[in-house]
2 protein chains.
Amino acid sequence: MAAMTLVDATTPKLGRKRDLTRDPEILDATLEVLAETGYDGMTIDMVAARAKAGKATVYRRWASKGELVIDAVACMKSADIDFNKLPDTGTLRGDLVAMIKPHSIEDGAKKLKVMAGLVSLMTRQPELADAARAAIVGPRVKVNSIFLRRAIERGEIPADVDVELLSHVGGAMATHRTLMLGLPVDREFVLSIIDGVILPACGLRGAATAPPTKATTTERPSGPGYTRRG
Amino acid sequence: MAAMTLVDATTPKLGRKRDLTRDPEILDATLEVLAETGYDGMTIDMVAARAKAGKATVYRRWASKGELVIDAVACMKSADIDFNKLPDTGTLRGDLVAMIKPHSIEDGAKKLKVMAGLVSLMTRQPELADAARAAIVGPRVKVNSIFLRRAIERGEIPADVDVELLSHVGGAMATHRTLMLGLPVDREFVLSIIDGVILPACGLRGAATAPPTKATTTERPSGPGYTRRG
DNA sequence: CATTTCCGAAACTGATCAGTACCGCATATA
DNA sequence: TATATGCGGTACTGATCAGTTTCGGAAATG
């Protein structure tokens, strides 16, 4: 990921070799500063200081501030969800809830903070926008759509639910809460999205909710934590 | 709205009076530039040029760039929804759809563009964040919660739907689509949120959708465009 | 019509920051 | 151990921009 915009780097025959361990450290520092101050507030000196590196070292590896940031953002992608280890609990709710881990929440929060610092620039820098979407939006949407499609195949939810749209609901609510409302996205909030929006929108009801006033609540396969409406 | 941060302005006994028509023109120019370039990209010279005013004229009215922007954002609030003329069609879907007017879509799109230019700063400037939320998030959420509560009172939707949460869904999806995906929020998209997320989450189904595979679709008061599940 | 004050324009000041150049030291090769 | 090179640090350059000052002209008052 980093290599793509790295400044040439022809290996010398003699003398000291480029210290490759500096790259990830500088990229991490970039993400930290980005999350704290945003793109415009971030200076190369801040990044260098954070990484305990010299400014020149940064410019020896990346041609410009813009390319450094694009690389750093692209870097976040790999540190994301492992698609080979997705939960498969047998229920949509189970799968969604299984994704709520402290690490995942924390990681998402940091990514959204980075995103906040880039939003303004993204409208004018398609390359950056693509990198940010691929790193932050893409993976989460993909996971949700996998879970939803599974639930359809399983017959748990109707086949006509708008998977594409519903896959975005979680991320949209988290984004909105962080960027617009300035409130934290914690476990409780994610649960409320699952039980208050996504599952109901699929015709299911969340775990700990009272049955609807009039509806005849037909008990379903009775797996832990959901009932089907209709 | 503008007056609160305006620089003193003691009326003289003699000579030319302050041209009050310049204020709204400068504020409008500010919003335009803000939407196009974001807070950091915006310069006072740009605003002055756009308003065909001198830079000094701007500083004669606002003490700093920050205060100008806060005023401009606060200004957007008043140009919003008229709460005395909210639609009341008798159905939740009818009310929600009645809010989709070309002007409303356009207005929302512009506000989101302005918001995009402020997001990064909002995390570090609570005053600005408050102004932005009051102008952009607040009114829309309020409208949705009014519609939802009405629908509950009417018995159209269950009383246990999470009104607070669902009121944010529309705005969250629009924000996400604009800021993160860089796609336009058009009538079709708003309709898909209504029919694909909000109504289903309330146990209703949108107008032009096939009935669910297994559920017994009980026909309800049979107003145009909805059926109740359960 | 004289006076006062605002206007737009443009020049100026000081701070900040991207990007460059250079230094002396550390380190890996031969 | 001699040599070539990357390292962190610092000083520099040039551009940009917030905010100030100044100026000639235009308007409103009396």
Side-chain angles (χ1 to χ4, degrees), chain A residues 2 5-27 29-30 33-34 36-72 117 120-121 124-125 128, chain B residues 5-26 29-30 33-34 36-72 117 120-121 124-125 128:
Chain A
T5 53
L6 276 179
V7 160
D8 68 81
T10 39
T11 324
K13 308 281 176 216
L14 213 62
R16 188 178 177 179
K17 280 178 195 158
R18 172 163 288 180
D19 182 354
L20 296 177
T21 69
R22 302 311 280 129
D23 288 65
E25 291 169 13
I26 293 170
L27 290 170
T30 304
V33 178
L34 217 44
E36 286 168 25
T37 70
Y39 181 88
D40 293 285
M42 164 185 142
T43 70
I44 300 293
D45 283 301
M46 287 181 195
V47 173
R50 182 75 58 112
K52 293 193 175 80
K55 200 176 173 179
T57 304
V58 176
Y59 277 105
R60 218 170 277 129
R61 287 146 201 267
W62 288 275
S64 69
K65 179 178 172 180
E67 295 191 9
L68 169 63
V69 168
I70 288 182
D71 255 23
S120 170
L121 205 60
R124 271 155 286 131
Q125 300 252 352
L128 177 63
Chain B
T5 54
L6 275 179
V7 160
D8 69 80
T10 39
T11 324
K13 308 276 176 225
L14 212 61
R16 190 177 175 178
K17 280 179 195 158
R18 171 161 289 179
D19 182 353
L20 297 178
T21 68
R22 302 310 280 129
D23 287 68
E25 291 169 13
I26 293 171
T30 303
V33 177
L34 217 43
E36 286 167 25
T37 71
Y39 181 88
D40 293 287
M42 163 185 143
T43 69
I44 300 292
D45 284 300
M46 286 182 197
V47 173
R50 184 74 58 110
K52 292 194 176 82
K55 199 176 174 180
T57 304
V58 176
Y59 277 105
R60 219 170 277 131
R61 288 146 200 265
W62 288 275
S64 70
K65 178 178 170 179
E67 294 190 9
L68 169 62
V69 167
I70 288 182
D71 255 23
S120 171
L121 205 60
R124 270 155 286 131
Q125 300 253 352
L128 177 62

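Numbers restart at 1 for each chain; the letters A, B, ... are given by sequence-line order, proteins then strands.
- Distance B/Arg16 CZ to D/dG30 C1': 18 Å, rounded to the nearest Å.
- Atom CG in B/Asp19 sits about 15 Å away from atom C1' in D/dG25, given to the nearest Å.
- In this structure, B/Lys55 reaches the bases: a heavy-atom distance under 4.0 Å links it to at least one base atom across the strands shown.
- Across the protein-nucleic acid pair, A/Ile44 atom CD1 and C/dA21 atom P stand 17 Å apart, rounded to whole Å.
- One can place CZ of B/Arg61 at 7 Å from P of C/dG8, the figure rounded to the nearest angstrom.
- For the OP1/OP2 pair of C/dC7 and a distance below 4.0 Å, the side-chain nitrogens and oxygens of B/Arg60 include at least one atom meeting the criterion.
- Rounding to whole angstrom units, CE of residue A/Met42 and P of C/dA18 are separated by 8 Å.
- Comparing A/Ala56 and A/Gly41 by the nucleotide of DNA chain C that holds the closest heavy atom to each, the one mapping nearer the 5' end is A/Gly41.
- Using a 4.5 Å heavy-atom cutoff, the side chains of B/Met42 and B/Val69 are in contact.
- Side chains of A/Asp45 and A/Thr43: no donor on one and acceptor on the other come within 3.5 Å.
- Protein atom CG of B/Asp40 is 12 Å distant from nucleotide atom C1' of D/dC17, rounded to whole Å.
- If you check every strand for non-hydrogen atoms under 4.0 Å, B/Met46 touches nothing.
- Within 4.0 Å (heavy atoms only), B/Ala48 reaches no atom of the nucleic acid at all.
- Taking both residues in full, the closest heavy atoms of B/Glu36 and A/Arg124 are given as O-NE, 3.4 Å, listed atom of the first, atom of the second, then distance.
- C/dA26 atom P lies 19 Å from atom NZ of A/Lys52, rounded to whole Å.
- The minimum heavy-atom distance between B/Trp62 and B/Ile26, with the atom names listed, is CZ3-CG2, 3.7 Å.
- Note on B/Lys17: a side-chain N or O is less than 4.0 Å away from OP1 or OP2 of D/dT29.
- In the set C/dG19, D/dG9, D/dT20, D/dT20 carries the atom at the smallest distance from any side-chain atom of B/Tyr59.
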(message) Set out, in order, the CA-CA distance, both residues' side-chain angles and the distance that settles side-chain contact (heavy atoms from CB on, under 4.5 Å) for B/Arg61 and B/Leu68, then state yes or no.
(response) CA-CA 9 Å; B/Arg61 288 146 200 265; B/Leu68 169 62; over 6 Å; no
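- A/Thr43 has no side-chain polar atom (N or O) that falls below the 4.0 Å cut-off from OP1 or OP2 of C/dC17.
- The separation between B/Arg18 atom CZ and D/dA26 atom C1' is 17 Å, rounded to whole Å.
- Side-chain proximity of A/Lys65 to the nucleotides D/dT22, D/dG9, C/dA18 is greatest for C/dA18.
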